[in-house]
Amino acid sequence: MGIISDLQNLIKNSGILMFFVGLFLYFSFYTINGERGLRRYLHLRQEIEYAEQVAAKYSQEKAQLEEKIKLMSSSSLDLDMLDERARKVLNLVKKDEFVILDEE
């Protein structure tokens with residue numbers, strides 16, 4: 001009976017060990033690949049960096065447009081800016097002028 005009880009203790013102890021190894025592997029896998037895991041964190045970090053770049057670009061464009069609006073306001077009217085906008089919107093040129101088209 002000594003061999004059988006030793007074998008039962010070994011199986012019981014290895015079963016507990018296997019349970020904890022499986023539990024460790026389960027949590028390790030989901031720590032890396034889960035919905036809130038490391039891979040998802042790195043992916044979201046890249047998306048945030050891209051969104052910040054886009055926001056900076058649009059912020060710069062907004063500042064440029066605000067500057068153009070400021071130049072066309074009634075308190076500080078810039079005649080060159082007004083002439084440029086009128087020509088662009090109305091698509092007009094004088095007879096003695098050359099037009100160079102930009103690909104915007």
Side-chain angles (χ1 to χ4, degrees):
M1 291 263 256
I3 296 175
I4 293 177
S5 68
D6 288 342
L7 189 58
Q8 286 176 343
N9 285 337
L10 182 64
I11 291 173
K12 188 191 309 182
N13 290 339
S14 67
I16 291 171
L17 178 65
M18 292 301 291
F19 172 75
F20 283 113
V21 167
L23 194 63
F24 174 76
L25 290 175
Y26 173 80
F27 283 116
S28 297
F29 177 78
Y30 281 102
T31 299
I32 295 170
N33 295 318
E35 185 177 325
R36 298 179 186 207
L38 294 174
R39 289 180 59 192
R40 180 71 175 154
Y41 171 74
L42 294 175
H43 176 71
L44 289 175
R45 202 167 175 195
Q46 288 177 344
E47 285 186 11
I48 289 171
E49 288 175 10
Y50 175 72
E52 287 174 347
Q53 290 174 355
V54 170
K57 175 186 161 195
Y58 285 130
S59 176
Q60 183 180 11
E61 286 182 19
K62 179 184 173 194
Q64 290 173 351
L65 288 174
E66 286 176 349
E67 184 64 30
K68 284 185 178 182
I69 290 170
K70 182 179 157 190
L71 291 174
M72 292 181 61
S73 69
S74 61
S75 62
S76 63
L77 185 61
D78 184 15
L79 296 178
D80 289 334
M81 179 62 75
L82 182 62
D83 183 52
E84 176 187 332
R85 291 301 303 160
R87 289 169 184 261
K88 192 170 191 175
V89 171
L90 299 174
N91 208 13
L92 296 175
V93 292
K94 293 180 182 176
K95 291 181 181 182
D96 61 343
E97 292 179 335
F98 294 101
V99 176
I100 300 173
L101 297 176
D102 193 8
E103 292 186 22
E104 282 187 11

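Numbers here are sequence positions counted from 1. Remember, it's a predicted structure, so these values are computed and weren't measured experimentally.
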Ring pair (Phe, Tyr, Trp, His ring centres under 6.0 Å) between Phe24 and Phe20, intermediate numbers included: CA-CA 6 Å; Phe24 174 76; Phe20 283 113; over 10 Å; no

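- Ile48 and Tyr41 sit in two unconnected hydrophobic clusters of ILVMFWY residues. Membership requires side-chain heavy atoms under 4.5 Å apart, directly or through other members.
- Cluster membership for Tyr50 and Tyr58, using ILVMFWY side-chain heavy atoms within less than 4.5 angstrom, is shared.
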Show your working on side-chain contact (heavy atoms from CB on, under 4.5 Å) between Lys57 and Gln53 and close with a plain yes or no. CA-CA 6 Å; Lys57 175 186 161 195; Gln53 290 174 355; over 6 Å; no

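- A pairwise comparison of heavy atoms in Glu35 and Arg40 identifies O-CG, 3.1 Å as the closest pair.
- Rounding to the nearest 0.5 Å gives a distance of 12.0 Å between CD1 of Ile69 and CD of Gln64.
- When hydrophobic clusters are built by joining Ile, Leu, Val, Met, Phe, Trp and Tyr residues whose side-chain heavy atoms come closer than 4.5 Å, directly or via intermediates, Tyr30 is grouped together with Phe19.
- Criterion: ILVMFWY side-chain heavy atoms under 4.5 Å apart, direct or through other members. Under it, Leu65 and Val89 are not part of a common hydrophobic cluster.
- A donor-acceptor contact shorter than 3.5 Å links the side chain of Thr31 to the backbone of Phe27.
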